[in-house]
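Everything on this sheet refers to the single structure shown next.
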Amino acid sequence: MLIVQKYGGTSVGNIERIKNVARKVARTRDEGHEVVVVLSAMSGETDRLVSLAHEITLSPAEREMDLLLSSGERVTIALLAITLNSMGYPSKAYTGRQVGIITDGIHTKARIERVAAERVREALNHGIIPVVAGFQGISEASDVTTLGRGGSDLTAVAIAAALKADLCDIYTDVDGVYTADPNVVTEARRLDKISYEEMLELASLGAKVLQNRSVEYAAKYGVKVRVLSSFVDGNGTLLTGEDEDMEKVVVSGVTCDRNQVKVTIVGVPDKPGIAGKIFGTISDANIVVDMIIQNVGQESLTDISFTVPRADVNKTREIMAGLIKDIGAHELGIKEDIAKVSIVGVGMRSHSGVAATMFSTLAAEGINIMMISTSEIKISCVIDAKYGELAVRALHRVFELEK
Ligand code: ADP
Ligand code: ASP
Ligand code: MG
């Protein structure tokens, strides 16, 4: 078999752990498989690099941020290839550019346009284990780009798709996908399998065990993905197509996303074209808006609230300052201490009363709901950040996810 193995930050957090990864890769080779390895930076390294830049300015040039952040993965791939070579397993490390991960030019959240992977194929043909830097690519203009936080998962899936690999194993610090973050809810249960669609929602709503775009990409190209622990052996969780069993379960998982902030524009003139102008300006800056609420207007003025990624808060603040004057709105408010709790499950399509149960459960805990959004298979509520964990536990209990 051809297997792509991706190891996350904790799994390569120090030399001892890199040696552990090398032993796992070597074992897979010894079993007769071809292996391509994709690595993250050491845990904490990407955050450390972000804070270095933030010591200089809160709105650093994004092209240079990408160059800076991509350096973390160079360190780990080189160290792993050095380890494998010293163990007698020929290996070569490659950056995103060297393996031809071609992206668009949207810095800090570039999208993959194509994957050449010629050098990876060439290495495999010569019995060399390729070790690829996750999270990074190269734009048509030859600038280094990054794929958004957690983007090494996407690198692994994209390489697996390009090579038509039999399996893409994501090794991390938990032994699979759980009904809730196992580090928050001790009763959370590991799922043997989960549908791509549910996993995509969970990942998009805060379950960082897989990056959301990696799940989208895996579904699109039919990549067989497993989530496993790099520290303990086990079967992990397999991403599969939906089946009948899954429909029977109303809620499959609960998540909490702390990576959004709420922006409110107070006193917006209530007339046609204003919303288009606000959200057009934001989208021109490549900021993705999630939830939107517009209050009922009074005296031809209204308030509009929406959420944007925390990473874009400074950029949003700058853009909004100009826009507020432009459209004649009164003021801008940004609330950073919010959390978005969500329940996800394909069974919601065929069960009623799920939203009511969610709202009354939060109410019973004294938690106020600031914003709500729903889709066919998920319900999300924005609440005060300090109640995030409490809400996740209460929802996990009421929908009996531990069973
Ligand atoms: P890596 O560095 O290996 O990419 P991440 O930190 O990105 O690892 O993702 C693993 C973490 O995801 C776990 O430590 C866990 O706290 C968190 N997590 C959140 N939700 C879930 C979930 N539903 N199932 C498993 N892990 C989850
Ligand atoms: N090192 C990057 C990050 O911390 C990418 C990854 O770990 O997947 O976001
Ligand atoms: Mg990750």
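First listed ligand is number 1; within each ligand, the first listed atom is number 1. Heads up: numbering here begins at 1 and tracks the sequence.
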Quick one: look up the protein heavy atom nearest [atom] and list residue, atom name and how far away it is.
| atom | result |
| --- | --- |
| atom 7 (O) of ligand 2 | S40 OG, 3.0 Å |
| atom 7 (O) of ligand 1 | K208 O, 3.4 Å |
| atom 2 (O) of ligand 1 | G9 N, 3.1 Å |
| atom 3 (C) of ligand 2 | R149 NE, 3.3 Å |
| atom 24 (N) of ligand 1 | Y178 N, 2.9 Å |

Classify the side-chain pair [X]/[Y] by whether it contains a donor and acceptor separated by less than 3.5 Å.
| X | Y | value |
| --- | --- | --- |
| N183 | Y178 | no |
| H107 | T146 | no |
| T302 | N295 | no |

For [X], counting its heavy atoms only, list the atoms of ligand 1 lying under 4.0 Å from any of them.
| X | value |
| --- | --- |
| V177 | 24 (N) |
| A207 | 19 (C), 20 (N) |
| V174 | 13 (C), 14 (O), 25 (C), 26 (N) |

| field | Whether G151 lies under 4.0 Å from ligand 2, heavy atom | value | yes
| 4.0 Å heavy-atom contact, G8 with ligand 2 | no
Please say whether [X] places an N or O atom under 3.5 Å from an N or O atom belonging to ligand 2.
| X | result |
| --- | --- |
| F135 | no |
| D153 | no |
| K6 | no |

| query | With a 6.0 Å cut-off on ring centres, are Y171 and F231 close enough? | reply | no
| said: Before you tell me yes or no, could you show the steps for E389 and R393 under salt bridge (charged side-chain N to carboxylate O under 4.0 Å, His left out), namely the whole-Å CA-CA distance, both residues' side-chain angles and the distance that decides it to 0.1 Å? | reply: CA-CA 6 Å; E389 296 189 355; R393 285 198 201 97; 3.7 Å; yes
| message | What I want to find out is whether E45 reaches R48 closely enough, with some N-O distance under 4.0 Å, to be called a salt bridge. | response |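 Yes, E45 and R48 are salt-bridged.
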| task | Look at R189 together with E402 and state whether they make a salt bridge at an N to O cut-off of under 4.0 Å. | result | no
Ligand 1 versus [X]: contacting region, heavy-atom distance under 4.0 Å:
| X | answer |
| --- | --- |
| A180 | backbone |
| K6 | side chain |
| D181 | both |

| request: Identify the heavy atoms of E73 and A133 that sit nearest to each other, and give their distance. | output: CB-CB, 3.9 Å
| task | Provide the closest heavy-atom pair for F306 versus M320 in the form atom of the first, atom of the second, distance. | result | CZ-CE, 4.1 Å
| request: Indicate yes or no: at least one non-hydrogen side-chain atom of L239 is less than 4.5 angstrom from one of I194. | output: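 Touching, per the 4.5 Å side-chain cut-off.
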| So do the side chains of R213 and E216 get within less than 4.5 Å of each other, counting heavy atoms only? |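 Side chain of R213 against side chain of E216, heavy atoms only: contact under 4.5 Å found.
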| message | Is the contact between E73 and ligand 2 made by the side chain, the backbone, both, or neither, using heavy atoms and a 4.0 Å cut-off? | response | side chain
| Qualifying residue, where the test is side chain to side chain contact (heavy atoms under 4.5 Å, CB included) with V132 and the options are I77, V4, L39, V38 |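 It is V38, the one option of I77, V4, L39, V38 that forms the side chain to side chain contact (heavy atoms under 4.5 Å, CB included) with V132.
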| task | Applying side chain to side chain contact (heavy atoms under 4.5 Å, CB included) between V346 and each of E242, E376, E201, report the one that passes. | result | E242
Contact between [X] and ligand 1, counting heavy atoms under 4.0 Å?
| X | value |
| --- | --- |
| G253 | no |
| G176 | yes |
| D173 | yes |

| Short N or O distance, S11 and ligand 1, threshold 3.5 Å exclusive | no
| Can an N or O of P182 be found at a distance shorter than 3.5 Å from an N or O of ligand 1? | no
| field | Non-neighbouring partners of D284 that pass salt bridge (charged side-chain N to carboxylate O under 4.0 Å, His left out), sequence neighbours left out | value | none
| task | Going by heavy-atom distance to atom 27 (C) of ligand 1, choose the closest among V209, T172, I170, V185. | result |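 Nearest heavy atom to atom 27 (C) of ligand 1 lies in V209.
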